[in-house]
Trainee: 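Okay, handing you the structure first.
Just so it is clear, the structure is predicted and the values come from calculations on it, not from any experiment. Basis for what follows: all heavy atoms, side chains included, without hydrogens, waters or symmetry-related copies.
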Amino acid sequence: ICEERRRGVWQQAERVVFGGYIFLEADGITPADWHRIAACSGFLRLLSRCPLSPTEDEYIRLLCSQGRIGVSRGYVRDGVLHITEGFAKKLEHKIVRYNRRGRRATAEVAIYGEKCRIIFSVIFDAPPASGDTLPESEKI
């Protein structure tokens with residue numbers, strides 16, 4: 001789910017994160033399975049028959065865990081976006097760009113060595129006072 005501005009009003013809309021990709025978790029692919037997969041409309045090729053690395057697996061499971069990616073919250077300090085709430089908190093170190101006006105951020109992750117960009121919605125809050133290093137929700 002992402003936020004989009006239409007006719008001056010912010011609305012929530014669903015967007016595909018990994019367009020054109022199907023992630024299949026299986027112990028093995030039989031010839032019959034292969035033929036069923038290859039018969040899918042738009043199928044081009046398998047990226048790999050090898051399992052994902054633990055890091056790649058973590059990213060995919062994070063993104064697919066709830067079936068939908070919600071809107072995250074964060075603030076910008078010294079040109080760096082800090083995520084305070086939402087799924088993107090675990091991807092904060094992978095953020096390569098952000099757009100305050102468009103309420104978007106982009107993280108870059110590798111899947112089988114290929115760079116994939118994930119675009120997600122962020123509500124930008126004012127940064128905490130310079131003496132505070134953590135938002136109230138994260139203080140003990």
Side-chain angles (χ1 to χ4, degrees):
I1 301 217
C2 66
E3 294 207 343
E4 294 181 343
R5 191 174 179 142
R6 293 187 190 152
R7 297 183 191 138
V9 177
W10 287 99
Q11 300 173 359
Q12 289 193 345
E14 279 191 36
R15 294 286 174 245
V16 175
V17 176
F18 290 109
Y21 287 89
I22 296 173
F23 295 96
L24 176 67
E25 185 173 11
D27 292 331
I29 298 176
T30 66
D33 294 334
W34 167 254
H35 289 293
R36 281 196 295 269
I37 294 167
C40 292
S41 175
F43 175 79
L44 296 176
R45 65 184 173 97
L46 286 177
L47 288 180
S48 176
R49 291 183 183 203
C50 299
L52 292 168
S53 74
T55 304
E56 294 169 339
D57 186 62
E58 180 184 349
Y59 291 141
I60 297 301
R61 290 189 188 282
L62 171 68
L63 294 168
C64 299
S65 65
Q66 298 167 352
R68 294 182 180 186
I69 297 173
V71 178
S72 296
R73 294 186 80 92
Y75 63 91
V76 176
R77 176 172 282 145
D78 299 327
V80 177
L81 175 58
H82 300 275
I83 303 296
T84 56
E85 293 178 27
F87 94 97
K89 193 169 180 77
K90 292 185 179 180
L91 292 176
E92 183 176 347
H93 64 290
K94 295 287 189 177
I95 295 173
V96 293
R97 79 172 80 170
Y98 61 87
N99 176 341
R100 285 187 205 201
R101 186 171 184 268
R103 294 185 183 177
R104 296 267 199 285
T106 303
E108 193 170 80
V109 298
I111 306 294
Y112 289 119
E114 293 185 26
K115 291 181 181 178
C116 294
R117 291 191 169 217
I118 301 163
I119 301 170
F120 54 93
S121 288
V122 177
I123 296 174
F124 289 86
D125 297 321
S130 59
D132 289 341
T133 55
L134 294 174
E136 288 298 321
S137 63
E138 294 182 15
K139 289 185 179 179
I140 298 176

Trainee: Do Val76 and Tyr98 have side chains that approach each other closer than 4.5 Å (heavy atoms only, starting at C-beta)?
Mentor: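 Yes; the side chains approach each other to less than 4.5 Å.
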
Trainee: Applying salt bridge (Lys or Arg N to Asp or Glu O under 4.0 Å), can you list everything that pairs with Arg36, at least two apart in sequence or on another chain?
Mentor: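 Scan of Arg36 (salt bridge (Lys or Arg N to Asp or Glu O under 4.0 Å), adjacent residues dropped) gives Asp33.
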
Trainee: For Pro127 versus Arg77, what's the shortest heavy-atom pair and its separation?
Mentor: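 Of all heavy-atom pairs spanning Pro127 and Arg77, the closest is CB-NH2, 3.9 Å.
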
Trainee: Going by side chain to side chain contact (heavy atoms under 4.5 Å, CB included), name the residues that satisfy it together with Thr106, two or more places apart in sequence or in a different chain.
Mentor: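 If we apply the side chain to side chain contact (heavy atoms under 4.5 Å, CB included) test to Thr106, skipping adjacent residues, the hits are Val96, Arg97, Arg117, Ile119.
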
Trainee: Do Val122 and Arg103 come within less than 4.5 Å of each other through their side chains, counting heavy atoms only?
Mentor: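 No, their side chains stay 4.5 Å or more apart.
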
Trainee: Check whether any side-chain heavy atom of Phe124 sits under 4.5 Å from a side-chain heavy atom of Asn99, and report yes or no.
Mentor: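 With C-beta onward as the side chain, the pair stays apart.
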
Trainee: Lys115 versus Glu108: any side-chain heavy-atom pair under 4.5 Å?
Mentor: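 Heavy-atom side-chain distance check passes, below 4.5 Å.
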
Trainee: Among all residues two or more places apart in sequence or in another chain, which pass the side chain to side chain contact (heavy atoms under 4.5 Å, CB included) test with Val80?
Mentor: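 Partners of Val80 by the side chain to side chain contact (heavy atoms under 4.5 Å, CB included) criterion, ordered by chain and then number, come out as His82.
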
Trainee: I need the minimum non-hydrogen distance between Ile83 and Ser72, along with the two atoms involved.
Mentor: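 That closest heavy-atom pairing would be CG2-CB, 4.2 Å.
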
